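Written below as structure tokens is the structure these notes are about.
Computed from a predicted structure; not experimentally measured.
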Amino acid sequence: MPIADWPLWAFRRRATRRCPQYPERRIRTALLDRIARDGPLPMRNLRQNAEPGTGWDWSPTKMAVEFLLWSGELASTRRAGGQRLFDLAERCIPGRHFTDQEPDDMCLTRLLGHAGKALGVATVDDLADYLRIPTPVTARLLPATRLVPARVPGWATAWADPNALTGTLRPHREPVFLGPFDNLIWYRPRTLRLFGFTQVFEAYKPAARRRHGFYVCPLLADGRLIGRANLARRGDNLTVLQVGLEPHAGQDAAPHFVHACRTLAAATGRSHIELTGAATDPATGVALRNALDGAL
């Protein structure tokens, strides 16, 4: 998030302070005093020695720190060793931005403008999900934004950023795998509506119930989502454990797949690519192996 947008999230900071789970003063004071004294600290340094809670099972300290982050008393602007460092917000946010004075409606109106610019053309639900705010609030405020009503066949009421209606298409992009939490595919109804692609994340399912695999990355090529792969790093290898292509993928799907594999391998420091798992059908498997052999 741009630091200049800090004032616009005052609506969420105020809402956080009204939550019943908001830490009591004693806990807040202890954490803030510790960070004020010792400087930016990761979560592992803030937890009490025998305090339980890992992953989704939040410890009392993690719960308190997250609430202080959402309320704006703490901020995180960098990481060390893969862990967020938490510091006093007043030490991280420049004074000209460190304010909670903007009224809620003003905050949301401007943020909806940002959301519309990022999405280009969107339904009310798309915009509400982008900011995690209620759809009725979104619908009420949209007429006050810079966005304009638009009609998209098959969609509900839509709104567009004016530049999206007059600008030129972006130049061709090379094929690339998207992380499963990429913004482009975050809101599943929009992903289905735009691409005819059903995005699923199955890491939390029992292995026997996974259709596509544990850590599956969709393949974006020529403005379309044409497939997905279950990927892993094993030693020096980028390993493709399972792969599937969409029915509309087209004859260039295999070269696109291999290109995205090579890009990802280079980005993650892997020197080899191996295809060990099954494809959705034998013909796809043969095409991918041939394309991979030819590329290497």
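Here the shortest heavy-atom pairing between Pro103 and Arg14 reads C-NH2, 3.6 Å. Taking each heavy atom of Asp126 and Leu119 in turn, the nearest pair found is O-CD1, 4.0 Å. Across all their heavy atoms, Ala64 and Leu31 have their closest contact at CB-CD1, 3.6 Å. Taking all atoms of both residues into account, the shortest heavy-atom contact from Leu238 to Ala265 is CD2-N, 3.9 Å. Summarising the geometry of Ile3 relative to Cys92, their closest heavy-atom pair is CD1-O, 4.2 Å, with the distance given to 0.1 Å. Considering all non-hydrogen atoms of both residues, Gly72 and Ala89 come closest at O-CB, 3.1 Å.
A donor-acceptor pair under 3.5 Å is formed between the side chain of Arg224 and the backbone N or O of His248. Panel note: side chain Arg91, backbone Ala75; no donor-acceptor pair is recorded below 3.5 Å. Under a 3.5 Å cut-off, the side chain of Asp161 and the backbone N or O of Asn163 do form a donor-acceptor pair. At least one donor-acceptor pair under 3.5 Å links the side chain of Arg210 to the backbone N or O of Ala203. Of the possible polar contacts, one joining the Thr99 side chain to the Gln101 backbone as a donor-acceptor pair under 3.5 Å is found. Listed for the Glu246 side chain is no donor-acceptor partner under 3.5 Å among the backbone atoms of Leu225. With Glu202 contributing its side chain and Gly213 its backbone, the two residues share a donor-acceptor pair below 3.5 Å. When atom types are taken as modelled, the side chain of Arg79 and the backbone of Leu85 share no donor-acceptor pair closer than 3.5 angstrom. Using a distance-only test at 3.5 Å, with no hydrogens or angles considered, a donor-acceptor pair links the side chain of Asn230 to the main chain of Tyr215. Side chain of Arg270 to main chain of Gly235: a donor-acceptor pair is present (N/O by atom type, distance under 3.5 Å, no hydrogens or angles).
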Can Val200 and Arg211 be said to form a side chain to side chain contact (heavy atoms under 4.5 Å, CB included), step by step?
CA-CA 9 Å; Val200 294; Arg211 179 183 175 190; over 6 Å; no
Before you tell me yes or no, could you show the steps for Phe11 and Ile133 under side chain to side chain contact (heavy atoms under 4.5 Å, CB included), namely the whole-Å CA-CA distance, both residues' side-chain angles and the distance that decides it to 0.1 Å?
CA-CA 11 Å; Phe11 82 96; Ile133 62 176; 4.0 Å; yes
Begin with the C-alpha distance, continue with both residues' side-chain angles, and end with the deciding distance and a verdict on salt bridge (Lys or Arg N to Asp or Glu O under 4.0 Å) for Asp100 and Arg12.
CA-CA 10 Å; Asp100 278 359; Arg12 183 152 292 159; over 6 Å; no
Before giving the answer on side chain to side chain contact (heavy atoms under 4.5 Å, CB included), spell out for Ser71 and Tyr22 the whole-Å C-alpha distance, their side-chain angles and the decisive distance to 0.1 Å.
CA-CA 9 Å; Ser71 70; Tyr22 189 54; 3.8 Å; yes
For the pair Arg28 and Glu24, evaluate salt bridge (Lys or Arg N to Asp or Glu O under 4.0 Å) and give the outcome as yes or no after the intermediate values.
CA-CA 6 Å; Arg28 299 202 313 269; Glu24 61 181 73; over 6 Å; no
Which is it for Glu102 and Arg110 under the side chain to side chain contact (heavy atoms under 4.5 Å, CB included) test, yes or no, and what are the steps along the way?
CA-CA 11 Å; Glu102 300 282 6; Arg110 291 181 58 189; 4.0 Å; yes
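A side-chain donor from one of Ser59 and Arg47 sits under 3.5 Å from a side-chain acceptor of the other. Side-chain contact, Glu274 with Thr276: no donor N or O sits under 3.5 Å from an acceptor N or O. Side chains of Asp5 and His97: a donor-acceptor N/O pair is absent below 3.5 angstrom, by distance only. A donor-acceptor contact closer than 3.5 angstrom is absent between the side chains of His212 and Gln242.
Counting only heavy atoms from C-beta outward, the side chains of Asp105 and Leu141 approach each other to under 4.5 Å. Under the 4.5 Å side-chain criterion, counting only non-hydrogen atoms from C-beta, Cys261 is in contact with Ile273. Between Arg233 and Asn237 there is no side-chain heavy-atom pair separated by less than 4.5 Å. Side-chain contact check for Leu219 versus Val243: every heavy-atom pair is 4.5 Å or farther apart. Using a 4.5 Å heavy-atom threshold, the side chains of Phe67 and Cys19 count as touching. Counting heavy atoms from C-beta outward, Phe195 and Ile185 have side chains that stay 4.5 Å or more apart. Considering only heavy atoms from C-beta on, His114 comes within 4.5 Å of Leu111 through its side chain. In this structure, the side chains of Thr138 and Leu131 stay at 4.5 Å or more apart for every pair of heavy atoms.
Between Phe177 and Phe257, the ring planes are perpendicular. Angles over 60° get that label, and only those under 30° would be called parallel.
Within 6.0 Å of CD in Gln21 there are more than 12 heavy atoms belonging to other residues, nucleotides or ligands. Counting heavy-atom neighbours within 6.0 Å of Met43 CE, excluding the residue itself, gives a total above 12. Few gaps surround CZ on Arg17; more than 12 heavy atoms of other groups in view lie less than 6.0 Å from it. More than 12 heavy atoms of other residues, nucleotides or ligands sit less than 6.0 Å from atom CZ of Arg146.
Salt-bridge check for Glu66 with Arg84: passed, with a basic side-chain N closer than 4.0 Å to an acidic carboxylate O.
No path of Ile, Leu, Val, Met, Phe, Trp and Tyr side chains, each step under 4.5 Å between heavy atoms, connects Val121 with Leu142, placing them in separate hydrophobic clusters. Note on Phe98: it clusters hydrophobically with Met1, by side-chain heavy-atom contacts below 4.5 Å among ILVMFWY residues. Note on Phe197: it clusters hydrophobically with Leu194, by side-chain heavy-atom contacts below 4.5 Å among ILVMFWY residues. The hydrophobic cluster containing Ile27 also contains Phe86, counting ILVMFWY residues as joined when their side-chain heavy atoms lie under 4.5 angstrom apart, directly or transitively. Linking ILVMFWY side-chain heavy atoms closer than 4.5 Å, directly or via other members, places Trp159 and Leu108 in a single hydrophobic cluster.
Note: Asp129 CG to Thr135 OG1 = 8.5 Å, rounded to the nearest 0.5 Å. For the atom pair Arg188 CZ and Trp186 CH2, the distance stands at 7.5 Å (nearest 0.5 Å). Note that the CZ atom of Phe181 and the CZ atom of Phe201 stand 3.5 Å from one another [nearest 0.5 Å]. Between Leu68 atom CG and Arg13 atom CZ the span is 13.5 Å, to the nearest 0.5 Å. The CD atom of Glu73 sits 10.5 Å away from atom CD1 of Ile35, with the distance rounded to the nearest 0.5 Å. Distance check, rounded to the nearest 0.5 Å: CZ of Arg44 to OG1 of Thr61 gives 15.0 Å.
Cation-pi geometry between Arg190 and Trp155 is not met: the NZ or CZ atom fails to fall both under 6.0 Å from the ring centre and inside 45° of the normal.
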